[in-house]
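The structure under discussion appears below in the form of structure tokens.
By convention in this document, chain letters (A, B, ...) are assigned in the order of the sequence lines, proteins followed by strands, and residues within each chain are numbered from 1.
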Amino acid sequence: MDIPKTYDPKQAEEHHYARWEKQGFFAPEVNQDQDAPAFSIAIPPPNVTGSLHMGHALQHTMMDVLARYKRMCGQRTLWLPGMDHAGISTQLMVTRELKKEGLTRHDLGREKFVERVWKWKAESGGQITKQMRREGASVDWSREKFTMDEDLSRAVREAFVRLYDDGLIYRGNRIVNWCPNDQTVLSDLEVLKEPQVGKLYYLKYPVKHSDRFVTVATTRPETMLGDTAVAVNPLDERYLDLVGETLLLPLTDREIPVIADEYVEQEFGTGAVKITPAHDPNDYEMGVRHNLAQIVVIDQYAKMTPEAGADFAGLDRYKAREKIIEKFTELDLIEKVVDYEFSISKCERCKTVLEPLISTQWFCRMDQLRDLALEHMAREEKPRFFPEVPYRKVYTDWLENLRDWTISRQLWWGHQIPAWHTPAGDVVVARTHEEARLKAGDVELTQDPDVLDTWFSSALWPFSTLGWPEKTADLETFYPTSVLVTARDIIFLWVSRMVMMGLKFEGKRPFADVFVTGTILDKHGQRMSKTKGNGVDPLEVFDKFGVDATRLTLASVGTTDTRWNEKQVESYRNFANKIWNATRFCLLNSDGAKVDPGLLAGDLQSLPLHDRWIISRLHKTARDVRAALAEYQFHEAVQTLYHFFWDDFCDWYIELSKAAITSEEASAERTTSRSRLLSVLEQALRLLHPFMPYITEELWQQLPGVNGELLHPAYKTAPATIMLTGYPEGLTDLIDEQAEEEMQMVIDLISRVRNIRSEMNIKPGERVTLIIGAGDQRLRSVFSASSEQIARLARAADVSIAAELIAPKASARAVLGGGAELAVPLEGLIDFEQERQRLGKELGKLESEAESLRKQLANPQFIERAPVEKVEALRQRLEDISQRSSQLQQTLKNLG
RNA sequence: AGGCGCGUAGCUCAGUGGUAGAGCACUACCUUGACACGGUAGGGGUCUGGGGUUCAAAUCCCCACGCGCCUACCA
């Protein structure tokens, strides 16, 4: 047998995924159990323009762990993949491409442009789907969806029409966030607020028929051309007499009133606010309240309109600002200019400063939808957020303050709004052109040119991907989905909207749980971003350390932000190598043996202690991992598995088994031991599989005796793969606390001997003699039964066990739990002074613990108020420590 | 401006009422027939600071300091 000493992840990563996919292991149909409960996850669809980053890798790892785990538990598992058409991003991407050819999208026209986008998608879109295969993601590619697919587009139209018919979608003329660069409206959630250091200009407006002025403060002087009032607080004594007066708006021939409104804060600026209803959201509101005219002075390209006057028409908004200041200065109408820090709204995509504009758009009313979600949370406590704090509150608070959603976009790439205009100006909303014609009669119909916000189709994702509005079998089986794994930044954009739409259209929440992951930061604690260029490419990490090691690292991240730490991946790479070599050992000693789970069950009482122990540890590990995953405690699960495999299985079980496994003589006993070792290993690989799919499959396939019989009953006709074996149960019946306790005594004994050897500088090759004294009969028999293994692991030539400790004076000594004592005769080697110090240190530790225990037990209030079992546990602990302590004192005394 | 989170060993992080944990780094020894991506033993923390609740606080409450995030219509 020729097995390399070092694990090469690439080799394993090359073959298995293709086989899993081809054999249909990812599709729920592989499950033959008609009664199997369903488990489903709809992937947060990555943008078609995107490529894999750490955030994806993190979420995908967690989803894949859950999917593989549930599949191994026999559940009918569907993890559905797909992509989002990402309206603005994709349109920008293709527009940039065209620009290189010297073209604009208008040169092509809408139809050709959209064709071009589809072509781009076919050629370069969806990088991420290839990269997900590398991750090992067990998604069902046969059900892959794209938000612009015909069936999903039909779902979008259906949803739109139903919402419209229910009065939840309307068309209106309102002030909106406009991106002058992308030439589209944006919803409030797509606006980026950035702090900005700018200036606050104090402008003086003359009062008509008076020599007085009213001074207003503004950060955007250019909007003054659209002012239709100046507002003051009704309680502001400074301006009481001015309310109702008229001002002469400089640079124009307009006269505007001074109005009173409680919105105005007296403390800020001068207490007088210029009101530009057409170009500021707050002024717009006030304009509506006071019936003010809306004068549009800035157009959709952020240039001044003719309404701004001949001097300004056509000027860019910033140029206009300069010119306004110039003119005000000339007229001596500037009181002062001060530095001022405020926040500015930018386009999330292109970072252009947005322009609030009045525009006709489609809106979705959110009050009723919001109430559906809030009621569901109040009544059912769903969805359940992990972690519940703070996300449940973040989610409900946001819903409570929700405003209407601007759902139209002036783009070409996306779902065109299913509404048609008649020459008479009527609007007909329908699923298809034909339906619109039926509704409108025999008139010319023009479809509304706008498309829907990308997030509109995303909101339908959990059910549109399963065939809605048709009542498909998939929808029946897999909706609602089980859990949503996502990053916190789309709780509003996406999570809440899915809940509302799911409840609205299916009457059921889209998912039961929402697991919110933390963020992976760079090593300086900064967010990874393209613009900063500080991102770590998951594919490079895969290449360097292997996919499995990367997955373990990611699974350990959990819900708090964590700095990227390559050392962590390296240590999991080492862990993968450890698994490789442990298996290598088992295989090198597998002659005549084979995997047989039967060797780990049934009547175990006749087995050697270490066998009973590892079987118990195995089940406890399975139990703990299951409990951890039930609460999405990935970190906990990884830690449990890591220590079980490395500490329990490798450091102790393999070492304790070596004598039996490697004995020269072939024997039935040797074969059974080898088979049992292989069987424990096989179970351990199963436990690890959801986290480390590649190495576990690679090694599992090499174990002698693996075949279809090891698969979970639900998959019994499938070809042999670790993917479809049963996940170890972790049955309480197979957890043997006594074996664990006894083994711990043996482990402690061996560790103490090693400690003595190390402290006494005994050469590793040198054999020592062990003398053990234990008054307790059970302890003696435990040590006796394991004496050969104790000798082997402690490198002892001889082990003697008696009720009384009788040992030469020149011995190093130790006191163990349960009253047992240990002596290692070291004639000629022992330095009595050093030994005294060593024991003294030991005694000191015990004494200080005993001290604090005594103090606690002497406190009557503790005895009175603490739970009885707590008090009892402390008493026992003190008793044990006292015994060991007095034994140690005696030992020290004997040393002279 | 409000809201929230975080601050634990040199580093990256677990732990959320009952004797402080892991990995890496560090020290010593070891080419022991699975593995030096390894083995054995070991050192290292007044759990940011201060107050409070409790028999008992890293853990719950309050205050302060530091870091970060989110929400918001102060021109």
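At the heavy-atom level, A:Arg877 lies under 4.0 Å from base atoms of the strands shown. Among the heavy atoms of the strands lying under 4.0 Å from A:Gln639 are primed sugar atoms or P, OP1, OP2 only; no base atom is included. A:Phe492 comes within contact range of the sugar-phosphate backbone alone, with a heavy-atom separation under 4.0 Å but no base atom that close. Nucleic acid contact for A:Arg584: sugar-phosphate only, since backbone atoms but no base atoms lie under 4.0 Å from a heavy atom of the residue. Within the nucleic acid shown, A:Lys855 has no heavy atom closer than 4.0 Å to any nucleic acid atom. Heavy atoms of A:Cys650 sit under 4.0 angstrom from at least one base atom. Among the heavy atoms of the strands, none lies under 4.0 Å from A:Asp397. Heavy atoms of A:Lys5 sit under 4.0 angstrom from primed sugar atoms or phosphate atoms, though from no base atom. Residue A:Lys193 is in sugar-phosphate contact alone, with no base atom involved, counting any heavy-atom pair closer than 4.0 Å across all strands shown. Contacts of A:Arg795 with the nucleic acid, taken as non-hydrogen atoms under 4.0 Å apart, include base atoms. Using a 4.0 Å heavy-atom distance criterion, A:Tyr284 is classed as making no nucleic acid contact.
Considering only side-chain N and O atoms, A:Lys578 lies under 4.0 angstrom from the phosphate OP1 or OP2 of B:rG39. Applying the 4.0 Å criterion to OP1 and OP2 of B:rA28, one finds that A:Lys763 has every side-chain N and O outside that range.
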Verdict with reasoning, A:Phe545 to A:Tyr572, per ring-ring contact (aromatic ring centres under 6.0 Å, His included): CA-CA 8 Å; A:Phe545 297 107; A:Tyr572 286 129; over 10 Å; no
Under the 3.5 Å Watson-Crick or G-U criterion, the dot-bracket string of RNA chain B, with | for inter-strand pairs: ((((((((.[[[[.)..(..]]]].(((((.......))))).....[[[[[..)....]]]]])))))))....
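Looking at heavy atoms from C-beta onward, A:Thr276 lies out of side-chain contact with A:Thr228 at the 4.5 angstrom threshold.
When the C1' atom is used for both B:rU16 and B:rA72, the distance is 32 Å, rounded to whole Å. A gap of 13 Å separates the P atoms of B:rG21 and B:rG43, to the nearest Å. With both ends at atom C1', the span from B:rU12 to B:rA64 equals 28 Å, rounded to whole Å. Rounded to whole Å, the C1' atom of B:rU46 lies 14 Å from the corresponding atom of B:rA9. The separation of B:rG66 from B:rA56, taken at their C1' atoms, amounts to 30 Å, rounded to a whole angstrom. Across B:rA57 and B:rC69, the matching P atoms stand 35 Å from one another, rounded to whole Å.
In this entry the distance linking OH of A:Tyr642 with C1' of B:rC24 reads 9 Å, nearest Å.
Partners of A:Ser885 by side-chain hydrogen bond (donor to acceptor under 3.5 Å, both in side chains), not counting sequence neighbours, listed by chain and number: A:Glu847.
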